[in-house]
Amino acid sequence: MDYLHNPNKYREVGAAMPKGVLLVGPPGTGKTMLAKAVAGEANVPFFSISGSEFVEMFVGMGAAKVRDLFKQAKEKAPCIVFIDEIDAIGKKREGQIGGNDEREQTLNQLLTEMDGFEENSGVIILAVTNRPESLDPALTRPGRFDRRVPVELPDLKGREEILKVHAKKVKLADDVNFSTVARMASGASGAELANIINEAALRAVRDGRKFVTEADLEESIEVVIAGYQKKNAILTNKEKQIVSYHEIGHALVAALQSHSAPVQKITIIPRTSGALGYTMQVEEGNHYLMSKEEMENKIATYTGGRAAEEVVFGSVTTGASNDIEQATKLARAMITRYGMSEEFDMVAMETVTNQYLGGDTSLACSAETQARIDEKVVELVKQQHQKAIQILTENRQKLDELAKFLYEKETITGEEFMGILNHSVTPK
């Protein structure tokens, strides 16, 4: 923006204007919104188009559209051209011959327009994608998209500020503490945070109130994470008891291990996502690194629910399916990607593709190694499962006391949980 307003300041030094800026990051982090903000602030003509609009049935039409777009842009220079979801036309070119290579023609035209024989002055291109690894290297080289701006998921401070921005649109009660809400919404994108505020406002209206309270915001986080409460799902007493022990199992294993995040809330009210109950853990601050011990403790916490069922009822249920999935995923990542097993040392057995869209993994090792990895994963999870069983067996009295309290109350807060854990008297 500064360059567009004061180009002479840069020309004096001999600095050239950046040709293209590529915004990359997960969905919902506000990449397109940032581009809109730049358009408003820069106060220059702004052309907006989506990558898929270039792709036509007839070969050559997309390329013609690119030529036309740049012709108009050059006439209006200095200006900004914004291409949303550029991966629709910017995919890597492959060695296949024949077929409709419309995408390739369009990409070639875009490459020549950006930094070809003719000097392209005064046109800045902003592009957005959440699949940067699929883009053609010719597109991301210096001189074309030479600026890559990562728009990542917001951290704790970021979430708090984003919530405040969206909360301006709704009437709030005086008791709302955004830092608590931001801490609970760990890992949420900007779009999800906007959704959380809206859900809270809807809940306030449904309850016949004219303003949004902190309780509304906390409930709306749960709606975004786990779905609405299932009002008509009636659990039998036996099932309710099992779910109580299951959830307290998670919370107790988490609380009794030094590296685990404190428990915020435990509930056994079924949700529309299929969860019969859940334990919400909240990190104290931003965590950018995780030690091996912390990851092992996390696996033990995942197995805590099933461990509690085994310790108390001597049998197991289907309730732990999601925990099993998470624990296995984490154990596999420790061995194949983080080099946390002594046998494989610092060798990557797995690579992650599509890091912003779910992060699929692909193995890069022989079948024999794969079999050994599977053995190691089983061994690791088994070890932590035994640790969870041991913790719960040693603290059986607390387990029974907490599960009984949760069974009666259906939802308990972290304070109530810690109160019972640290004192033998049950709070009334």
Side-chain angles (χ1 to χ4, degrees), residues 26 184-189 192 219 221-230 233 235-236 238-255 257 260-283 290 294-313 315-337 352 357-361 374 377-378 380-389 391-392 399 402-403 406-407 410-412 414 417:
M184 285 175 76
S186 149
S189 66
E192 283 167 332
E219 173 61 28
I221 289 173
E222 291 172 52
V223 167
V224 171
I225 294 170
Y228 286 93
Q229 290 185 6
K230 266 185 170 175
L235 298 179
T236 64
K238 178 73 176 162
E239 282 177 329
K240 203 170 156 189
Q241 202 177 2
I242 291 172
V243 177
S244 299
Y245 272 105
H246 183 103
E247 295 308 330
I248 291 294
H250 284 306
L252 202 53
V253 173
Q257 293 181 115
S260 283
V263 179
Q264 171 84 19
K265 183 178 187 176
I266 310 162
T267 176
I268 53 168
I269 297 170
R271 296 267 167 179
T272 47
S273 65
L276 296 174
Y278 65 89
T279 302
M280 186 188 269
Q281 276 184 274
V282 175
E283 298 287 350
M290 272 185 94
E294 282 175 319
M295 291 180 99
E296 285 174 347
N297 287 349
K298 209 167 182 180
I299 295 173
T301 303
Y302 283 134
T303 63
R306 167 65 63 88
E309 290 176 30
E310 288 170 313
V311 169
V312 179
F313 302 102
S315 71
V316 292
T317 64
T318 54
S321 61
N322 183 253
D323 306 331
I324 293 168
E325 223 172 281
Q326 299 283 359
T328 312
K329 198 172 168 186
L330 193 54
R332 184 170 282 277
M334 282 174 73
I335 290 159
T336 58
R337 286 173 27 222
V352 178
L357 298 173
D360 316 315
T361 55
D374 293 340
V377 170
V378 173
L380 179 56
V381 176
K382 217 173 188 174
Q383 197 184 345
Q384 297 310 313
H385 184 185
Q386 292 308 318
K387 182 165 102 179
I389 289 175
I391 289 173
L392 295 175
L399 177 64
L402 283 157
L406 178 63
Y407 177 84
E410 289 195 340
T411 299
I412 63 174
F417 172 83

To the closest 0.5 Å, what do you measure between [atom1] ([X]) and [atom2] ([Y])?
{"X": "Tyr302", "Y": "Ile324", "atom1": "OH", "atom2": "CD1", "answer": "13.0 Å"}
{"X": "Leu252", "Y": "Glu247", "atom1": "CG", "atom2": "CD", "answer": "12.5 Å"}
{"X": "Met280", "Y": "Thr267", "atom1": "CE", "atom2": "OG1", "answer": "10.0 Å"}
{"X": "Arg332", "Y": "Thr361", "atom1": "CZ", "atom2": "OG1", "answer": "8.0 Å"}
{"X": "Leu330", "Y": "Glu325", "atom1": "CG", "atom2": "CD", "answer": "13.0 Å"}
{"X": "Ile412", "Y": "Leu402", "atom1": "CD1", "atom2": "CG", "answer": "6.0 Å"}

Taking side chain as C-beta onward, heavy atoms only, is [X] less than 4.5 Å from [Y]?
{"X": "Phe417", "Y": "Gln264", "answer": "no"}
{"X": "Tyr407", "Y": "Lys240", "answer": "yes"}
{"X": "Met334", "Y": "Ile299", "answer": "yes"}

Would you find a donor on one side and an acceptor on the other, under 3.5 Å apart, between the side chain of [X] and the backbone of [Y]?
{"X": "His385", "Y": "Thr303", "result": "no"}
{"X": "Thr301", "Y": "His250", "result": "no"}
{"X": "Glu239", "Y": "Thr236", "result": "yes"}
{"X": "Gln257", "Y": "Asn297", "result": "yes"}

Please assess Gln384 against Lys298 for the test side chain to side chain donor-acceptor pair (under 3.5 Å), listing each intermediate value before the final yes or no. CA-CA 9 Å; Gln384 297 310 313; Lys298 209 167 182 180; over 6 Å; no
Residues Lys387, Glu296: salt bridge by 4.0 Å N-O rule: no
What one should report as the nearest heavy-atom pair of Ala308 and Leu392 is N-CD1, 3.4 Å
